[in-house]
Structure formats: structure tokens, C-alpha cells
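Naming convention: chains lettered A, B, ... in sequence-line order (proteins, then strands); numbering from 1 in each chain. Note that the structure is a prediction, hence the values are computed from the model and not measured.
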There are 2 protein chains.
Amino acid sequence: MKSKKGLSMKDIAKLSGVSVATVSRVLNNNGRFSEETRKKVMEVVEKFNYQTNLVARSLRTNRSQIIGVIVPDITNEFFAAIVLAIESYCFLKGYSVFICNTNEDEEKETAYFKDLIAKGIDGLIYISGKSDKISKETLLKDIPIIFIDRRPNISSNDIVYIASDNYKGGVLATEALIKRGCRNIMILKDIRNLSTVTQRYLGYRDTLMKYNINLGEEYIVNVKKVDFEEARKAVKESIKKGLTFDSIFACTDWLALGAIAALKEEKIAIPDRVKVIGFDNISISKYSHPAISTISQNPEKLGKTAAKVLLDLIEGKTNKTTNYILPVELVLRETT
Amino acid sequence: MKSKKGLSMKDIAKLSGVSVATVSRVLNNNGRFSEETRKKVMEVVEKFNYQTNLVARSLRTNRSQIIGVIVPDITNEFFAAIVLAIESYCFLKGYSVFICNTNEDEEKETAYFKDLIAKGIDGLIYISGKSDKISKETLLKDIPIIFIDRRPNISSNDIVYIASDNYKGGVLATEALIKRGCRNIMILKDIRNLSTVTQRYLGYRDTLMKYNINLGEEYIVNVKKVDFEEARKAVKESIKKGLTFDSIFACTDWLALGAIAALKEEKIAIPDRVKVIGFDNISISKYSHPAISTISQNPEKLGKTAAKVLLDLIEGKTNKTTNYILPVELVLRETT
DNA sequence: ATTATTTATGAAAAAATTTAACAGAATTGT
DNA sequence: ACAATTCTGTTAAATTTTTTCATAAATAAT
């Protein structure tokens, strides 16, 4: 490896016969300079294809034009779509993004957080994850932070939180099943108390109440992990136990896929004997057999909103710390 | 926003009663210092949770501990898995990664490339994309670059290129069909001359030759985009034209999905009348109906290898510029 | 013409760290 | 006691950019 670097402002200054300060003024269009010197400087800049050293600028201005995105799993289509939206918006505005995959590992989250701060990020987007432990230190650090998807349970009201209307999603899903004659609706959900799942559950519960449907605890089926296999096993077990149900509200499409596998194995007709509805509208849900009815979120909007709000905070265009709840949509396919 | 920054080495020096030089020596384990001073310094460092300002270090040392990853579409499961593997490995080694989504837009690639250089990345991983235009400037910049998946067609032999054995994949897929009695094998592929697809095609072509199968040009069906809809339409058209085929080798699973949709619409039984095999083993292929036989790549291995080789180059542990071709595997499911 | 004002530019400091050279002090070895 | 080794501080340079202050030059006002 040779030098890795090109010319510095000093070189440009020398080559165009002005001072470094003047070059800076011209380049940043900041302060006074004559048209003549502007031309002189720009000629040299273009001739040698000068590129600002952003590391030096960052040191001086304490602004890096970099943000961090902490995400549990970029392999998850939903998160990937959010990240893509963030990245696209940031690119337009001249920001780069660090991608930080945590796999929900708290230690990794903490380590990443420290490292990102040390590397001088201007802001952070926290997609889900644990986010309990870190957020206290986090909020002290004086860089803006946006939380997407799962709400961190910290007692501060000036956090920015962006998510889909999970509660409404729960309502829509449950109502869709009820309208098709279902009364014994199993809910299949993650056992962890994530705000997203909790909201979906509350939507389900309140809708049952609204329609005067009373179901025992056994209709709430918890799985330890959002995972095909887990769901398959859990549903099979419920069947073995003799639970009578005519439908399943799976809190994510992956759980729905597992549930469908179990039903198929038990030769239970979908949707004739049991209807299924998922959540997220991942691409598989359209191509699986039967195609899964689901609640679709808008990850692009989530990501773009987060990025926009974050950059506005960074650039001081706003200092509001409101929350954003984005609409969801019912998508009907073959499983209902 | 307040200060964003914590203590500097100067503060640590003052607080622990030593000089800045000594703090640096201790922190970097570089030069001489007594155990006693080490303790003194580290106590203060820990007490105040001092973090090295990596921007300043980067400016001075010209090393950022950052790499860039340029990828066409992070929403694509295959690329996401590669990126995840890269990120994981880099995290372990203390490197952060910029995620750059190009959507195959050449301008964006160029812009990103400049920006990454200006931000001082230590190395770059180029996943696919056009990479023709950029690579010439690129190679001059004296940071190591690794190419994954698609081979850039530049005439330089000291580039590092990592990919799956696409040729072998083409052979395996074609042989699998031939062994099941197929003789009229359609190949469904991207019209662009990407090295990956070309290799798969050559595997197909050579295998046909090996088995003395001669097929006309009409068995090569090109689509403009790797896309469900495009594939569906293309296959439908071939059917309308009266092409007799007993199998399809789709160069990606998404194309296979589209092909299957077309066959279903035309009520052609899979695999009885027509067999289908895809490429990539994306997660949908397992859950679609019928489940798709395919060639699986190992994106984790691709990513990890790329990251490892890149960091070794950056850290001067090697300067070999070899290519790596990783094995693929035949996965048989319902469509064959 | 002389002062006042504006405009353009340079010089120098500051940002946080690393590195190196040098020098003095303290410790150890002989 | 003298030499050698080890530790630490001081100082300075280097990285590049931005910013403040001061000054020189040009223009306007009286």
C-alpha cells in the first residue's frame, strides 16, 4: 500500500498561489473572496481532482456526516427494507451509514455503541433490539437517536420513536377472522414482551372483547423465538392437546408459515377448517401455499421517516421529539 | 445538542499526573512505562470511561478501522447474508462497515466510491454491480479492494475475486435434469453478460454437449431483469410459441418462481410434465409450492472469506491477490 | 485629498491524537 | 562509583480543515 491520499488543501493553496484559508473559503463558499480567486482555485481543484479530507473536517467541525444503524438482523427482509430506505435517504443528503448487526446480543450492542461514538457518528438509529441497558448512557451522549419498531422501555419522554400501528394491525387481523365466522381464534406470539407484539396482542384482545368473545388462556400460544420450527411445534402441540380452534392470528408471517406446516401435517384444511392470518407481509407469504393473508407494514416509510427526522435533528432543523405511528394495511389472500 | 465529546488524552494525562505521551504509550502499549504508571493511567481511563477519539487517530495514522461494502441491493437475501457475514467478521476485528446500496446505478457507485475514499476507508468490498467504470480509478487509490460474486471485466491480474463455482452449479443443475430423463432443457437467464450467469450458462452448455444433446437457440430464454414477472411472461411466451420443453434451468430462484407461476397458469404439471431447477436456494424456494430444487451457494462463506482477505491485506498480513472459488451444492426438492 | 468603509486575503490557532527525538531522572548492574 | 538500562516528561511535528483576527487593498464618502 502506498499513500492512499491525494492532495491536501495546502497543495491546492500552493498550486493556486493563495493561502489555505482562501481555498477553504472558496470550497465551502463561506466568507469573502473575489471571483478571480474563485476561478484560480477551482481550476486547480478540478485539474487535480481534489477531494476534501473528511476525516480532518470531522475532527475540526465535530461533524462526520455519518450515522449508525443498529439492527437485530439485516437478513430479515423487514429490517433490510428499513435499512435500505435509511441508506437511500442518507445518501441523498450526503451521509454515510454504519451497519451494525446485533443479533439481539446486548454486549454487542454496547460495544457497537461505544465504537460508533468514538468514530464520531452524528446520530443513531436504533432498530429494535434490547435497547434497555444502553439507552441511559445513550441519551447522555448528546447525539440524536431514533428508535424504530420496538419501543425501548425507558422513562424519558424526549425520545423519538417510530413504528407501525401494531395495535391497529392486531384489530384488523382479528376482525378479518371474526368477519369470516371465526370465534375460536388462537394467537401465536413471541413470549418476550416486545412492544410490537404486545400491541398486536392488545388489538386482538380488545377486538375479542368488542365482539363478546371469551377465550381461555390456552388460546394464547407463546413461542420462545420467532421461528418456523418453533411455531410448527407449538401448533402441533395445541392440536395434540385437543384445543378447538378455527383460526390462528400469527404475530409474524414466519410464525404463520410454521403454523401452516403444522396444519398441513395434521391434514387440517386451510382455510376451510382453520383460517390463518400473519403479520408483516414478507415476500414468501405471497408465494407460499396457500398464500398467506397478512397485515402489511411499510418498512420503506418507517426507514425514510426515521432518517429524515434524524438528519433534521442533527442539522438543527428541528428539536421536536415526537413519536410517529404509521398505518398498516390488511392484505387478504388464500389462508382466510 | 451539547458537546458530544468526552474527555481527551490531555484530560487523562492531567488527571493521572502524567504526560500525554505517557498516556499514549500506555494506551497503545507502545514504548516503555512502568507497571505503576500503567495502573495509574488505566484507573483514570476506566473511572472516566475514556474513549479514544478515533477521528483524531485516523487523521494522524491514516487508518480508520472502517471498510466500505458496495452492494446492489441489500434487500436481496443473498446479498444480505454476505453483508451479515462481512459485518460479523469485521466487528470481531474492530472494524466498522459502511453499507452502500447502489441498485446497480453507476453514478451512485461512483459517488459512493469518492465519498468513501474521502471518509478514509481502509478497504472496500465490491459485491457485484457494474464495476467496470469505477475500477480503474479504484485500483489507483491504493486501498485494497475485494470483488465478490460478479467478476469485473478489467484487465488487471492483481485483483482479488471471490465467488461461488457458478460453472459447476450449471453443470450440477443440468445433470440433475438429464438424469431424470429430460432432454429438452430450457435455460432461463438474465440477458446481461454478468460473469455469474455466463458461468452458469457455460456449465449448462457444456453438459448438454457432454450428453450429446443439441438444442436450438430458442431454448435460451433471456429476460431483461431478474424478476418474477419477467420470468412469468417469458415462459408463457415460449409456451404460446409452441416450444417443446420438458424442463427449465432457471438461473436464479426468482426466475424459477416466475416460471412455475407460468406453468401453473397453463396447467402444466410440475414435475411430471416439466421439471424446474433454480439457483441460489433463497428461503422462499423451500416454502413455495411445489418446493423448488436448486443449487445452493454459501453466502456466509463468501462474505467471511472476503472480509478476512481484505483485513489481511489492510494489515499487511498478506499481499497475495488470488481468487477464491467456493463450492456449490445441489438441493433436490419437489420440482424435479 | 483624506478619512471611513468595505472587501479580500493571509497568518495563526485550534481540534485530538500519534510519533519521534531528546533529555533528564531513577534504577539496576558490575 | 561508574556505566548501563529503564522510565518519563518536554517539545515539536504531523495529519487537514475551519475559524478568528488582523492587515492590506480597494472603494466610497466627505
Side-chain angles (χ1 to χ4, degrees), chain A residues 1-42 44-45 48 50-66 94 115 117-122, chain B residues 2-42 44-45 48-66 94 115 117-122:
Chain A
M1 289 306 115
K2 269 168 289 172
S3 80
K4 190 166 121 174
K5 315 184 302 253
L7 299 180
S8 72
M9 269 179 48
K10 212 158 132 191
D11 301 312
I12 302 299
K14 209 169 282 171
L15 285 161
S16 52
V18 299
S19 72
V20 177
T22 301
V23 176
S24 173
R25 279 188 274 254
V26 170
L27 253 25
N28 299 304
N29 197 24
N30 177 0
R32 307 182 177 293
F33 50 87
S34 69
E35 175 58 20
E36 198 190 356
T37 39
R38 208 206 99 255
K39 269 179 70 181
K40 254 193 319 190
V41 171
M42 289 314 289
V44 180
V45 164
F48 293 92
Y50 165 79
Q51 292 288 127
T52 305
N53 180 324
L54 297 178
V55 176
R57 174 182 284 170
S58 180
L59 179 60
R60 180 63 232 242
T61 62
N62 205 19
R63 277 291 196 72
S64 60
Q65 305 276 110
I66 299 172
D115 191 54
I117 294 293
K119 279 181 178 147
I121 56 167
D122 291 335
Chain B
K2 269 168 286 171
S3 78
K4 192 165 120 172
K5 314 185 300 256
L7 301 179
S8 72
M9 267 177 51
K10 218 158 127 189
D11 301 312
I12 301 300
K14 209 169 283 170
L15 286 162
S16 51
V18 299
S19 71
V20 176
T22 300
V23 177
S24 174
R25 279 190 271 250
V26 170
L27 252 26
N28 298 303
N29 197 23
N30 179 359
R32 305 184 176 293
F33 50 88
S34 67
E35 175 58 19
E36 200 190 355
T37 40
R38 210 207 95 253
K39 270 178 73 182
K40 255 196 316 193
V41 171
M42 289 314 288
V44 179
V45 163
F48 292 92
N49 195 22
Y50 165 79
Q51 295 287 128
T52 304
N53 181 325
L54 297 178
V55 176
R57 173 183 285 171
S58 178
L59 181 59
R60 178 63 232 244
T61 62
N62 205 19
R63 278 292 197 71
S64 62
Q65 305 276 111
I66 299 173
D115 191 54
I117 294 293
K119 281 182 176 146
I121 54 166
D122 291 335

Requested in this report: Would you please name every residue forming a side-chain contact (heavy atoms from CB on, under 4.5 Å) with B:S8, sequence neighbours left out?
Outcome: B:K10, B:D11
Requested in this report: Determine, step by step, whether A:I117 and B:Q51 satisfy the side-chain contact (heavy atoms from CB on, under 4.5 Å) criterion, reporting the C-alpha distance in whole Å, the side-chain angles of both residues, the deciding distance to 0.1 Å, and the verdict.
Outcome: CA-CA 9 Å; A:I117 294 293; B:Q51 295 287 128; 5.9 Å; no
Query raised in the report: Given atom NZ of A:K14 and atom C1' of D:dT16, what is their separation to the nearest angstrom?
Result: 14 Å
Requested in this report: Start with the C-alpha gap between A:Y50 and A:L27, add the side-chain angles, then the distance that decides, and say whether side-chain contact (heavy atoms from CB on, under 4.5 Å) holds.
Outcome: CA-CA 10 Å; A:Y50 165 79; A:L27 253 25; 3.4 Å; yes
Query - Gap separating the NZ atom of A:K40 from the CG atom of A:L15, nearest 0.5 angstrom - result: 12.5 Å
Query raised in the report: Roughly how far, to the nearest 0.5 Å, is CG of A:N62 from CG of A:D122?
Result: 8.0 Å
Query raised in the report: Can you name the residues that form a side-chain contact (heavy atoms from CB on, under 4.5 Å) with A:K14, not counting sequence neighbours?
Result: none
Report task. Please work out if A:V18 contacts a base, only the sugar-phosphate, or nothing of the nucleic acid, heavy-atom cut-off 4.0 Å. Result -> sugar-phosphate
Show me the protein contacts with nucleotides 17-20 of chain C, counting only N or O atoms at under 3.5 Å.
{"from": "C:dT17", "atom 1": "OP1", "to": "B:Y50", "atom 2": "OH", "distance (Å)": "2.7"}
{"from": "C:dT17", "atom 1": "OP1", "to": "B:N53", "atom 2": "N", "distance (Å)": "3.0"}
{"from": "C:dT17", "atom 1": "OP2", "to": "B:M9", "atom 2": "N", "distance (Å)": "2.4"}
{"from": "C:dT18", "atom 1": "OP1", "to": "B:R57", "atom 2": "NE", "distance (Å)": "2.8"}
{"from": "C:dT18", "atom 1": "OP1", "to": "B:R57", "atom 2": "NH2", "distance (Å)": "2.9"}
{"from": "C:dT18", "atom 1": "O2", "to": "B:R60", "atom 2": "NH1", "distance (Å)": "2.1"}

Requested in this report: Write down the distance between CG (B:L59) and P (D:dT17), rounded to a whole number of angstrom.
Outcome: 9 Å
Report summary line: Computed from five pairs at either end and rounded to 10 degrees, the angle between the axes of the helix from C:dA1-D:dT30 to C:dT30-D:dA1 is 40°
Query raised in the report: If you round to the nearest 0.5 Å, how far is CZ of A:R38 from OG1 of A:T22?
Result: 14.0 Å
Requested in this report: Could you check which residues of residues 33-40 of chain B get a heavy atom under 4.0 Å from DNA chain D? Sort them by number, please.
Outcome: B:F33, B:S34, B:T37
Requested in this report: In whole angstrom, give the distance that lies between atom CZ of B:R32 and atom P of C:dT27.
Outcome: 16 Å
Query raised in the report: If we only count heavy atoms from C-beta on, is the B:K119 to A:I66 side-chain gap below 4.5 Å?
Result: yes
Report summary line: Whole-Å distance, A:N29 CG to D:dT18 P, equals 13 Å
Report task. Indicate yes or no: does B:E36 engage B:K39 in a salt bridge with an N to O separation below 4.0 Å. Result -> no
Query - Partner residues of B:R57 under the side-chain contact (heavy atoms from CB on, under 4.5 Å) criterion, sequence neighbours left out - result: B:N28, B:T52, B:L54, B:T61
Query raised in the report: Between A:S16 (side chain) and A:V44 (backbone), is there a donor-acceptor pair under 3.5 Å?
Result: no
